[in-house]
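One structure is given below, encoded as structure tokens.
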Amino acid sequence: NAGVTQTPKFRVLKTGQSMTLLCAQDMNHEYMYWYRQDPGMGLRLIHYSVGEGTTAKGEVPDGYNVSRLKKQNFLLGLESAAPSQTSVYFCASRPRGVRTDTQYFGPGTRLTVL
Amino acid sequence: GESVGLHLPTLSVQEGDNSIINCAYSNSASDYFIWYKQESGKGPQFIIDIRSNMDKRQGQRVTVLLNKTVKHLSLQIAATQPGDSAVYFCAENTGTASKLTFGTGTRLQVTL
């Protein structure tokens with residue numbers, strides 16, 4: 001199993017440009033999450049999904065959109081990038097169940113908006 | 001809003017010593033807590049978890065202690081090794097969809 005993978009690993013955008021970050025997991029997990037991590041701060045939840053075709057807002061959803069058309073993929077879109085969106089973005093997933101709430105993380109995408 | 005926080009931003013320990021990383025949480029309704037380790041340039045990696053019906057849980061070289069009375073969580077690493085150098089985050093389950101709230105992190109530096 002590859003676990004959780006993210007593409008691209010790095011990206012530089014100009015203000016106003018758009019892009020999509022791809023998260024893929026091969027563990028058949030129902031739940032998927034997008035976080036951003038800024039220097040000196042913990043991870044903050046942007047959007048999440050509890051299953052294929054469903055998405056919901058997290059703590060900092062403004063300026064982002066998501067889609068979960070396939071169970072294994074969770075896309076994060078920036079329609080008009082702003083310098084405030086410069087950050088490291090992490091995707092995570094976890095299976096549905098009650099024994100554990102542990103989330104499994106991808107390696108991250110480092111995004112710079114100029 | 002309620003959040004998870006950490007007392008020490010950086011902890012420096014000598015190789016072979018024990019490390020203790022602390023975390024304070026404020027949501028009394030949280031029933032599940034996790035410690036993650038994040039090495040430079042990588043995503044967070046699960047270390048150990050604990051539910052609120054327990055006050056101690058042990059893993060391989062790691063122990064998590066939970067004190068619900070004072071809303072305090074700690075991670076103890078025995079015989080700290082250079083490979084333990086990383087940023088450690090505590091996180092709490094905030095309810096529906098297993099959303100996690102993360103603390104700001106503590107950097108553990110292991111000196112030889």
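So that the names make sense, note that chain A is the first sequence line, chain B the second, and so on, each numbered from 1. None of the values given here were measured: they were computed from a predicted structure.
Contact of the Y31(A) side chain with the K99(B) side chain is not registered, since no non-hydrogen atoms from C-beta on lie closer than 4.5 Å.
Of the inter-residue distances, the one linking E59(A) atom CD with T101(B) atom OG1 reads 7.0 Å to the nearest 0.5 angstrom. Rounding to the nearest 0.5 angstrom, the gap separating the OH atom in Y33(A) from the CG atom in L100(B) is 6.5 Å.
For residues 36-74 of chain B, no residue pair satisfies the disulfide bond (SG atoms under 2.5 Å apart) rule, not counting sequence neighbours. The stretch residues 24-53 of chain B participates, sequence neighbours left out, in no disulfide bond (SG atoms under 2.5 Å apart) pair at all.
When heavy atoms are compared at a cutoff of 4.5 Å, Q37(A) approaches chain B solely by way of its side chain, counted from C-beta outward. Looking at L43(A), the atoms closer than 4.5 Å to chain B (heavy atoms on both sides) sit in the backbone and in the side chain alike.
Residues of residues 7-15 of chain A placed with any heavy atom under 4.5 Å of a heavy atom in chain B are absent; none qualify.
Crowding of E79(A) atom CD: a count of heavy atoms from other residues, nucleotides or ligands under 6.0 Å not exceeding 12.
There is no side-chain donor-acceptor pair under 3.5 Å between Y36(B) and T102(A).
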F46(B) vs F105(A), test: ring-ring contact (aromatic ring centres under 6.0 Å, His included). Steps then yes/no. CA-CA 9 Å; F46(B) 170 83; F105(A) 284 83; over 10 Å; no
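Under the 4.5 Å side-chain heavy-atom criterion for Ile, Leu, Val, Met, Phe, Trp and Tyr, V88(A) and V60(A) are members of distinct hydrophobic clusters. In the hydrophobic cluster analysis, where Ile, Leu, Val, Met, Phe, Trp and Tyr join through side-chain heavy atoms closer than 4.5 angstrom, V64(B) is grouped together with I21(B). Hydrophobic clustering places L108(B) together with V62(B) (ILVMFWY residues linked when any side-chain heavy atoms are closer than 4.5 Å, directly or through intermediates). In terms of hydrophobic clustering, with Ile, Leu, Val, Met, Phe, Trp and Tyr side chains grouped at heavy-atom distances under 4.5 Å, L65(B) and I50(B) are assigned to different clusters. Placement of L75(A) and M32(A) in two distinct hydrophobic clusters is found when ILVMFWY residues are connected by side-chain heavy-atom separations under 4.5 Å, directly or transitively.
Considering every non-hydrogen atom in both F90(A) and Q38(B), the closest pair reads CZ-NE2, 3.2 Å.
With sequence neighbours excluded, no residue satisfies side-chain hydrogen bond (donor to acceptor under 3.5 Å, both in side chains) with R110(A).
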